[in-house]
Amino acid sequence: MNTQTSTAGIRQTKSGAWITDKAWICGVVGAITVLLCAMAYNRFDILNKGLFVFGQQLTSNRTDSILAALFIITAAMLITEMVRLWLWDREGFISIDPDLRARNLGAFFTKSLLNYLLYLAALWVVLEFYHTANEYGFRMNANYYQGWFRFTEMVWSAYLWAGLPYVLLTRAVRYDPKADSRDTGWFLGKLLRYPLGKVSGSPQLCPQFGPDDAKIARALIVKLFFTPLMTVFFIGQFPHLVSNVGYVFGSLPASIANGTYTHRVFNSDFFNISIAFIFSIDVALAWCGYVISSRWVDNQTASAEPTMLGWVVCLICYPPFQQALGWYYSAPGERDVLRFDNQWIITVFTGMMVCSYIVYMSATLWFGVRFSNLTNRGIIRKGPFAFVRHPAYASKNFAWWCVMFPAILYNATHTGIELAAMQTFGLCLMTFVYYQRALTEERHLRLDPVYLEYCEQVKYRFIPRVF
């Protein structure tokens with residue numbers, strides 16, 4: 001999604017380049033860290049034995065070990081981005097709070113403590129939502145989101161003990177006079193004060209909600225919806241990458257050497273290894289973007305999708321709404337291409353799919369820590385975005401057509417034309433929804449003058465010099 005900006009994010013350097021032009025640097029670091037983690041996890045069997053650092057056991061179960069990998073990846077990306085921003089603007093990176101400059105320590109500490117408590121209250125409200133919403137199955141002890149709830153336990157404990165020092169440090173040296181007005185904690189503080197104002201009838205206790213509050217609310221909903229999904233996606237995908245690393249460096253060379261490696265096995269390996277590699281990286285980088293919004297990495301939300309249509313065409317691409325539409329039944333699965341008898345056909349179409357998915361992953365990589373659906377956190381104009389405005393949507397749809405349409409043709413000759421027709425309709429429907437996502441996204445982003453300038457430079461949406 002070609003979104004994302006903050007006030008600092010659209011400032012220009014002396015050379016005229018936007019700060020987001022090199023956001024890919026921390027994305028590359030994140031991708032490399034994903035692969036290094038997978039290699040280390042395979043080498044030391046961390047998923048089964050736990051993570052040890054200097055002889056101390058940090059994790060004792062599979063879920064905690066996978067979450068530890070996410071924390072390592074995120075830390076690598078955040079450190080890289082902070083160093084990059086500091087090098088980009090050494091004079092402006094540190095901004096001291098005026099109360100500290102005036103040595104008004106009481107006022108500074110009071111504001112920081114209030115900010116910490118508001119965020120703690122906001123976090124409690126959010127966790128209560130997840131614990132009571134049936135979709136996440138906490139009361140039923142449903143398995144799918146168990147990793148997400150384990151992550152929320154860690155977040156609560158970490159913020160309870162480390163939140164106040166973090167707030168003090170951030171407000172002390174990363175002062176932003178407009179931050180409080182667009183701060184999630186302050187917004188939740190307004191919501192918590194609202195019932196008191198209604199009961200007492202006091203205008204001082206009954207806050208007014210404006211456009212900034214609506215933006216904060218929409219951005220918060222984006223996080224509430226996508227962060228659990230990205231967490232469980234990574235928990236499900238990363239072990240496949242770890243096992244595939246072991247396979248590539250273990251039994252695969254032996255199988256090739258002894259002559260038992262066939263073209264059919266190659267196609268299966270090509271498909272499985274590529275999917276695990278691409279989507280483990282993609283989901284890890286996206287997870288960092290959804291979870292982290294901080295002045296330290298300048299990735300706060302400037303605006304969020306304002307239309308219902310924009311939200312609908314985005315959310316129906318993800319569970320649980322995806323299953324409700326029956327997409328899993330109206331379009332064939334990606335793996336159905338492996339059913340062909342001609343192995344060269346499978347190789348060609350799988351190869352095109354993999355190339356397309358690499359473009360899809362690179363679009364996420366170029367956002368760095370600024371990735372997020374439905375929000376504007378900085379305009380990306382380099383990498384694949386230098387050729388088309390929606391490389392992720394274009395490449396993802398092309399990948400689907402590469403592996404699903406051949407499967408439809410196979411079903412037409414082996415199962416029946418009725419099933420093939422229904423599957424073709426489902427595939428066209430998926431493409432149409434992503435086309436609508438691109439249109440609604442552009443309507444949203446055109447409110448940003450930086451995006452208008454970008455559109456003048458990159459005139460094509462999906463196919464360079466064609467469409």
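The structure displayed is predicted, hence computed values, not measured ones.
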Checklist entry - Is there a donor in the side chain of Trp287 and an acceptor in the side chain of Thr231, or the other way round, less than 3.5 Å apart? => result yes
Checklist entry - Can you check whether His131 and Phe149 have ring centres sitting under 6.0 Å from each other? => result yes
Checklist entry - Just wondering, are more than 12 heavy atoms of other shown residues or ligands nearer than 6.0 Å to CE in Met39? => result no
Checklist entry - Between the side chains of Asn373 and Tyr318, does any donor sit under 3.5 Å from an acceptor? => result yes
Next on the checklist: Are the side chains of Tyr290 and Phe225 in contact, using a 4.5 Å heavy-atom criterion?
Outcome noted: no
Checklist entry - Does the ring centre of Tyr435 sit less than 6.0 Å away from the ring centre of Phe432? => result no
Item to check | Side-chain donor-acceptor pair present, Tyr451, Asn376, cut-off under 3.5 Å | outcome: no
Next on the checklist: Applying ring pair (Phe, Tyr, Trp, His ring centres under 6.0 Å) to Tyr130 and Trp148, what does each step give before you reach the verdict?
Outcome noted: CA-CA 10 Å; Tyr130 287 121; Trp148 165 246; 5.1 Å; yes
Next on the checklist: Main chain of Phe277, side chain of Ser280: is a donor-acceptor contact present, judged purely on distance under 3.5 Å?
Outcome noted: no
Next on the checklist: My understanding is that only residues two or more places apart in sequence, or in another chain, count here; which of them pass side-chain contact (heavy atoms from CB on, under 4.5 Å) with Asn48?
Outcome noted: Asp45, Arg62
Item to check | Results of salt bridge (Lys or Arg N to Asp or Glu O under 4.0 Å) for Glu418 - residues two or more places apart only | outcome: none
Checklist entry - Less than 6.0 Å separating the ring centroids of Tyr145 and Phe138? => result no
Checklist entry - Under 3.5 Å, is there a donor-acceptor pair linking the side chains of Asp269 and Tyr261? => result yes
Checklist entry - So, for Phe349 and Trp401, is the gap between ring centers shorter than 6.0 Å? => result no
Checklist entry - Taking Arg446 as the fixed residue, which of Glu442, Arg443, His444 is the one that meets the side-chain contact (heavy atoms from CB on, under 4.5 Å) rule? => result Glu442
Next on the checklist: So that I know where these two stand, are Phe238 and Tyr41 an aromatic pair - ring centroids less than 6.0 Å apart?
Outcome noted: yes
Item to check | Trp156 atom CH2: more than 12 heavy-atom contacts under 6.0 Å | outcome: yes
Next on the checklist: Among residues at least two apart in sequence or on other chains, which ones pass side-chain contact (heavy atoms from CB on, under 4.5 Å) with Ala412?
Outcome noted: Ile417, Ala420
Item to check | Nearest atoms (heavy-atom pairs only) where Thr260 meets Asn258 | outcome: OG1-OD1, 2.6 Å
